[in-house]
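Below is one structure, written out as structure tokens; comments come after it.
Here is the naming used below: chain letters follow the sequence lines, and residue numbers restart at 1 for every chain.
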Amino acid sequence: MHSAISLSLSSASPITVRSYDGAGSSSSSDLFFRNNSAPSQLRFCGLRREAFSGCKSSSNAVLLKQLRQNMKISASLSGNGTPSKGFDYDLVIIGAGVGGHGAALHAVEKGLKTAIIEGDVVGGTCVNRGCVPSKALLAVSGRMRELQNEHHMKSFGLQVAAAGYDRQGVADHAENLAAKIRNNLTNSLKSLGVDILTGVGTVVGPQKVKYGKVGGSGTVITAKDIIIATGSVPFVPKGVEVDGKTVITSDHALKLETVPEWIVIVGSGYIGLEFSDVYTALGSEVTFVEALDQLMPGFDPEIGKLAQRVLINPRKIDYHTGVFATKITPAKDGKPVTIELIDAKTKEPKDTLEVDAALIATGRAPFTQGLGLENVNVETQRGFIPVDERMRVIDSKGELVPHLYCIGDANGKMMLAHAASAQGISVVEQVSGKDHVLNHLSIPAACFTHPEISMVGLTEPQAREKAEKEGFEIGIAKTSFKANTKALAENEGEGIAKLIYRPDNGEILGVHIFGMHAADLIHEASNAIALGTRIQDIKYAVHAHPTLSEVIDELFKSAKVKNDVSCAVAEPVAV
Amino acid sequence: MAQLLNSSFTPTTSSLRRQCHSLTPRKSTQIQAKIREIFMPALSSTMTEGKIVSWIKSEGDKLSKGESVVVVESDKADMDVETFYDGYLAAIMVEEGGVAVVGSAIALLAETEDEIAQAVSKAKDQGSVSPAAPSQDLPVESKVPDSAPVAKAAASVALTASTHPASEGGKRVVASPYAKKLAKELNVDLSVVVGSGPMGRIVAKDVEAAVVANAVAVAEPAKAVTPALGVGSGSVVPFTTMQGAVSRNMVESLGVPTFRVGYTITTDALDALYKKIKPKGVTMTALLAKATALALAKHPVVNSSCRDGKSFTYNSNINVAVAVATDGGLITPVLQNADKVDIYSLSRKWKELVDKARAKQLQPHEYSTGTFTLSNLGMFGVDRFDAILPPGTGAIMAVGASEPTVVATKDGRIGMKTQMQVNVTADHRVIYGADLAQFLQTLAKIIEDPKDLTL
């Protein structure tokens, strides 16, 4: 999975593309199952304060009862526990993004005295400059798309006068949403009694953190364990001059201060795709600049192809692939934004684009400077903090730094908000005495275009490679949204779901969905992977009719496991 | 009845037939052994045509048996289509996004590399017809747009200061993504379009304006020609490309031994049915095509043709071509599988085809795959005529006006009935007099008791 995502590089830079998805950036990612741990766990969901249980045993009722009691107790303790002897805190988390927040909530639940250091605003990139505000813009673009699609409306028998929008109104919606989620996050931390320390956090030695203004003296606190969760910032390649007005990053774009007539989007990963959806719905024309030979490089090729057919070709979008944008100059003195392109392979100049704006969506760079890593002999690799599979930080000699962990974008394992949160929970489990390794292959990812794209596990090429190496067969099953009643009722029959599995034992290797509400549909598959559920078992699970989830139901049912191969799927005839 | 068929067909103009036979595989029988056609497969029992989603292989690629070549979208799903033979993908005949009827060739497969060139030229033979086809109705179109906008553009370039700075004195074309897409769709050469967007960039509305300008430019010379034809006493006016094609086809038709059989059909019941279902969008053309198709289904020989002078070619589908007069031409949109498609879908299809014909956007398979042709001059008050058989098909039916007629019945009474005369021209090598007679009898029965038409 990780390799799939880092493929989405649109420039030669070592930076990994980060998802803007918000697939429950703060809620569904909370509902987190694990494979090997004891059958129960509980955490408070930051937004809804509900108890989820991840139990896989049949003793649900009993566990829930226990959990409720726990909840009461922790509430009466006002959350935060008392620190171990000799330390100010059991756990200090540097960075209050979704990862830090998730870790903090779980730590409190585990009875750890917890502090979180935030140098900017609570919520981090996801809530303030990423998944959350972008979902607000995409909600608008989805509706615009529908209202503008006369044919679609007519097929419903609806008549709509020309749809229009107020840019400021749209921008306000995004800003308000971010503010609301930020407040929810802050309140959830406060109500649990997590200490929110303001300032820049620096590791000054083993189990020692300083926080305060940059350059100031700051306060030093001690902690039994430290988690670095400082996240990432938009990556801007060399030669690109960002002025925040005509050459922008996602940070600026989410404020939607302008809707340019023609905008170049550098990078066709999640971020670029989602913005192309927003901009074209609001009337812009878009040109993609992609360093690799095909658009949407991080996705399963088949899904990418179909997505291109639906999300790019019919829209007011064109693209240049296999080119680097070497120099981007903002509009100045009546001159347009100029973008110089060179061939990615031959490095020869290819073209110069002159447009109204350029959005740099080439990925995200870890935000790890000024963390005082030298104090614990840690060297970043291309900015990322090296960690092992348990998120334990590795120093320059390749040895583990005791009591220091790094989660989220800063370690670059999987640059997704909910992955950061899951990693944080995994760390808290470990420091509270329970070994835990997170299965990254069970973490879903989503791209919230219209229709949506979602995935979990391996892509087909990755699965084939693995199969060859380990010597097993793989099977592919596909179902179409065209055959789904609910999708047809919504006039949204475009889309497929694809399952990559092992026919010998029924293991799910990867699921990819392109279609209406794909981001919500993926969890059935990601949960199955996380719990190790096999196709031969899950295929008997019942789905309400008519729902989109039947697409996935059919997908599992159409897989041919082991002796179940009496009749092959009717192969198309040719030639 | 007479005015219900808003189509006309002059028997001398089966101009599009030549495209039909150039598309049919029979021409290529000699080389078929080595160069194979890849056909649009039937991916489901209900599939009649498929859309090419994408070509997995490109022209020149080596294929081995069982490899996926193309992704086809059917009514149910997208599927990979595999090759059954080893060889080289020599020529792609239906591009991505294109639609082809089940069974039609979508690409050519050469057995060896040496044969690629041969296959390519073969594809050209077949393919040259399709992309150019829409403009063949109006042959002037191909020449005029070149010169007119160039002049216009040259003039405006000279006096406008708004050429795009990046265009380096016109060497580069700067056009927005949508403008480029539109230009491709509408066949507009961007290098002669003047941009009105920011910094002189070409935007969508410039392309649209260029299309309108082209249309005007085309219309004017056309006007100039018409009076010349009218006045043309003593002058010689050469054939246009299309007229030349018509002439060739008409001469070719002399090589086919045809004969004619006529029949009078009472249409009271049909008219009543039409009145009843007209609000549901059913057209008389569709009703007639449906009735004809149902009759053809019972008499497959009338749906056959003689292609080599030695054998019957029975067509698997009943595709009724109906002649439509268009501005400056004539075209025969085809109602495919008219016997199987229900009357409401058929009517919708017909409307779509007529719209496309007017916009000159019919695809070759939409006008060249007819197995039986209908022609109607009833709206001009013509009560009977006969049609020339389009080469490559077995029969054509000329339909006259439906008129109130005084009729004597067997029981000695005299009454009034609405009647129309039809006259079928057929190739006597395959269709005999008795065949036509029985076919017409069946057709009359269906029209006089039309309850089956709405099934």
Heavy atoms of other groups near B/Glu352 CD, more than 12 under 6.0 Å
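Yes.
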Above 12 or not: heavy atoms from other molecules or residues under 6.0 Å from NZ of A/Lys327?
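Not buried by this count: 12 neighbours or fewer within 6.0 Å.
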Answer yes or no: is there an ion pair linking A/Asp318 with B/Lys184, defined by an N-O contact shorter than 4.0 Å?
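Looking at B/Lys184 together with A/Asp318, the answer is no, because their closest N to O distance does not fall below 4.0 Å.
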What part of B/Ala107 is in contact with chain A, defined as an atom under 4.5 angstrom from a non-hydrogen atom: side chain, backbone, both or neither?
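When you check distances to chain A, no heavy atom of B/Ala107 falls under 4.5 Å.
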Any donor-acceptor pair under 3.5 Å linking the side chain of B/Lys181 with the backbone of A/Asn313?
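A pair under 3.5 Å: yes.
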Examine distances only and state if a side-chain atom of A/Lys316 and a backbone atom of B/Ser176 form a donor-acceptor pair shorter than 3.5 Å.
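It does not hold such a pair.
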Going from CD on A/Glu302 to CD1 on B/Ile56, what distance comes out if it is rounded to the nearest 0.5 angstrom?
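So the CD of A/Glu302 and the CD1 of B/Ile56 are separated by 8.5 Å.
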Student check: side-chain heavy atoms of [X] and [Y] closer than 4.5 Å:
X        : Y        : value
A/Val286 : B/Pro177 : no
A/Thr287 : B/Lys180 : no
B/Val174 : A/Trp262 : yes

For A/Asp351, which atoms come within 4.5 Å of any heavy atom of chain B: side chain, backbone, both, or neither?
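The side chain, not the backbone.
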Which pair of non-hydrogen atoms, one from A/Glu354 and one from B/Arg201, has the smallest distance, and what is that distance?
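So the two residues come closest at O-NH2, 4.1 Å.
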Taking all heavy atoms of B/Met199 and all of A/Pro336, pick out the closest pair and write down the distance.
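So the two residues come closest at CE-CD, 3.4 Å.
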